[in-house]
Colleague: 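There's a structure below that I have some questions on.
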Amino acid sequence: EQTQLAALALEMGNKETEREQVRESHRAASQALEEVQAQLAEMQTQRQTLNEKTAEIMGLKAEQDRLVEEMNKIVARRDKLASESGQECPTCGQPLTDEHREKVLNDWKAEGVQFGDQHRRNSVALKALAAEIAELETALKRQSVLEKDRETRQRIIGRAESRLDDLEQSLSGWRES
């Protein structure tokens, strides 16, 4: 009978040791799960940022097209005014003096410069946005890996909880007897 008690005591000691190991495994998996979930939450923020940056690019591209169209109109009006030899300004109907012609051409030139400057600023912004989008897309490619990791951690936690329940029942049964 002493041999049986010694074997039972050894078995219970082993189960208590296993219980502590399973608890530690559970704690580590829970911590890892929290980290993965935080990363996935951050990815939601990154996805939103990606959508915003993509919309911003679309807006800038539309503005670029509009600016090019406006600059082309200025060139066409300038060319028309430069070749105009009539008495009346083709754009405003005023008498076409040399001074008026020069003023209108200078106004259009200034407007064209503004459009060109904005076009160049937009080009720089588009390049920066494209780089940001590439970074975001690269980061978001990890999402499926993180989702699999989350599932794995959840399974580990589930198994650990089940094993802890089994060990607790076994240990409490031993204590009662």
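All figures in this text were calculated on a predicted structure; none of them were measured in a lab.
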Colleague: Please list all pairs passing the side-chain hydrogen bond (donor to acceptor under 3.5 Å, both in side chains) test where one or both residues lie in residues 36-45, with sequence neighbours left out.
Modeller: none

Colleague: Check side-chain hydrogen bond (donor to acceptor under 3.5 Å, both in side chains) between Arg120 and all other residues, then give those that pass, not counting sequence neighbours.
Modeller: Asp117

Colleague: Please round to the nearest 0.5 Å and tell me the distance separating atom OG of Ser170 and atom CE of Met12.
Modeller: 4.0 Å

Colleague: Atom CD of Glu135 and atom OG1 of Thr49: how far apart are they, to the nearest 0.5 Å?
Modeller: 12.0 Å

Colleague: Is it possible for you to say whether Leu96 and Trp108 belong to one hydrophobic cluster, with membership spreading through side-chain heavy-atom contacts below 4.5 Å?
Modeller: yes

Colleague: I need the Lys127 NZ to Leu129 CG distance, nearest 0.5 Å.
Modeller: 12.5 Å

Colleague: Could you work out, with salt bridge (Lys or Arg N to Asp or Glu O under 4.0 Å) as the rule, every residue matching Lys61, not counting sequence neighbours?
Modeller: none

Colleague: Check whether any side-chain heavy atom of Met43 sits under 4.5 Å from a side-chain heavy atom of Arg142, and report yes or no.
Modeller: yes

Colleague: As an exercise, state the distance from OG1 of Thr152 to CZ of Arg155, rounded to the nearest 0.5 Å.
Modeller: 4.5 Å

Colleague: If you take all heavy atoms of Gly112 and Met71, which pair is closest and at what distance?
Modeller: O-SD, 4.2 Å

Colleague: Would you give the length of the straight line joining atom CG of Leu171 to atom CG of Asp166, rounded to the nearest 0.5 angstrom?
Modeller: 11.0 Å

Colleague: Residues in side chain to side chain contact (heavy atoms under 4.5 Å, CB included) with Val75, at least two apart?
Modeller: Arg78, Asp79

Colleague: Look at Glu137 together with Lys141 and state whether they make a salt bridge at an N to O cut-off of under 4.0 Å.
Modeller: no

Colleague: Following the transitive rule for hydrophobic clusters with a side-chain heavy-atom cut-off under 4.5 Å over Ile, Leu, Val, Met, Phe, Trp and Tyr, establish whether Leu67 and Leu126 coincide in one cluster.
Modeller: no

Colleague: Do Val68 and Asn72 come close enough that some side-chain heavy atom pair is under 4.5 Å?
Modeller: yes

Colleague: Do Cys92 and His100 come within less than 4.5 Å of each other through their side chains, counting heavy atoms only?
Modeller: yes

Colleague: Taking C-beta and beyond as the side chain, do His26 and Glu161 meet within less than 4.5 Å on heavy atoms?
Modeller: yes

Colleague: Do other residues, nucleotides or ligands put more than 12 heavy atoms under 6.0 Å from Asn106 CG?
Modeller: yes

Colleague: Closest heavy-atom contact between Val22 and Ala160?
Modeller: CG1-O, 3.4 Å

Colleague: Do Ser25 and Arg159 come close enough that some side-chain heavy atom pair is under 4.5 Å?
Modeller: no

Colleague: By salt bridge (Lys or Arg N to Asp or Glu O under 4.0 Å), which residues pair with Arg150, not counting sequence neighbours?
Modeller: none

Colleague: Are Ile157 and Leu40 connected, step by step, through hydrophobic side chains (Ile, Leu, Val, Met, Phe, Trp, Tyr) whose heavy atoms are closer than 4.5 Å?
Modeller: no

Colleague: Take Gln169 and Asp165, measure what side chain to side chain donor-acceptor pair (under 3.5 Å) needs, and give me the verdict at the end.
Modeller: CA-CA 6 Å; Gln169 286 178 0; Asp165 287 344; over 6 Å; no

Colleague: Regarding Asn14 and Glu18, is there a side-chain donor-to-acceptor distance under 3.5 Å anywhere?
Modeller: no

Colleague: Let me check something: do Leu33 and Leu146 share a hydrophobic cluster, defined by ILVMFWY side-chain heavy atoms less than 4.5 Å apart, either directly or through other members?
Modeller: no

Colleague: Answer yes or no: is there an ion pair linking Glu147 with Arg153, defined by an N-O contact shorter than 4.0 Å?
Modeller: no

Colleague: Any chance you could lay out the side-chain contact (heavy atoms from CB on, under 4.5 Å) test for Thr97 and Arg101, step after step, and finish with the verdict?
Modeller: CA-CA 6 Å; Thr97 64; Arg101 181 188 312 262; over 6 Å; no

Colleague: Between Lys148 and Glu151, does any side-chain N to carboxylate O distance fall below 4.0 Å?
Modeller: no

Colleague: Less than 3.5 Å apart, which donor and acceptor atoms pair up between the side chains of residues 50-59 and the rest of the protein, not counting sequence neighbours?
Modeller:
unit_1: Asn51; atom_1: ND2; unit_2: Arg47; atom_2: O; d: 3.4
unit_1: Glu52; atom_1: OE2; unit_2: Gln48; atom_2: NE2; d: 3.2
unit_1: Lys53; atom_1: NZ; unit_2: Glu132; atom_2: OE1; d: 2.8
unit_1: Thr54; atom_1: OG1; unit_2: Leu50; atom_2: O; d: 2.8

Colleague: Give a yes or no on whether Ile156 and Val36 share a hydrophobic cluster (residues Ile, Leu, Val, Met, Phe, Trp, Tyr; joining criterion: side-chain heavy atoms under 4.5 Å apart).
Modeller: no

Colleague: So, Lys103 and Glu99, do they make that salt bridge, N to O below 4.0 Å?
Modeller: no

Colleague: Can a salt bridge be assigned to the pair Arg27 and Glu24 using a cut-off of 4.0 Å between side-chain N and carboxylate O?
Modeller: yes

Colleague: Rounded at 0.5 Å granularity, tell me how far CG in Asn122 sits from CG in Asp65.
Modeller: 10.5 Å

Colleague: Can any side-chain N or O of Gln64 pair as donor or acceptor with the backbone N or O of His119 at less than 3.5 Å?
Modeller: yes

Colleague: Applying the salt bridge (Lys or Arg N to Asp or Glu O under 4.0 Å) criterion to Glu168, which one of Arg19, Lys15, Arg163 satisfies it?
Modeller: Arg19

Colleague: Determine whether Glu20 and Arg23 satisfy the following criterion, salt bridge (charged side-chain N to carboxylate O under 4.0 Å, His left out), listing intermediate values before the conclusion.
Modeller: CA-CA 5 Å; Glu20 290 310 309; Arg23 280 183 180 162; 2.9 Å; yes

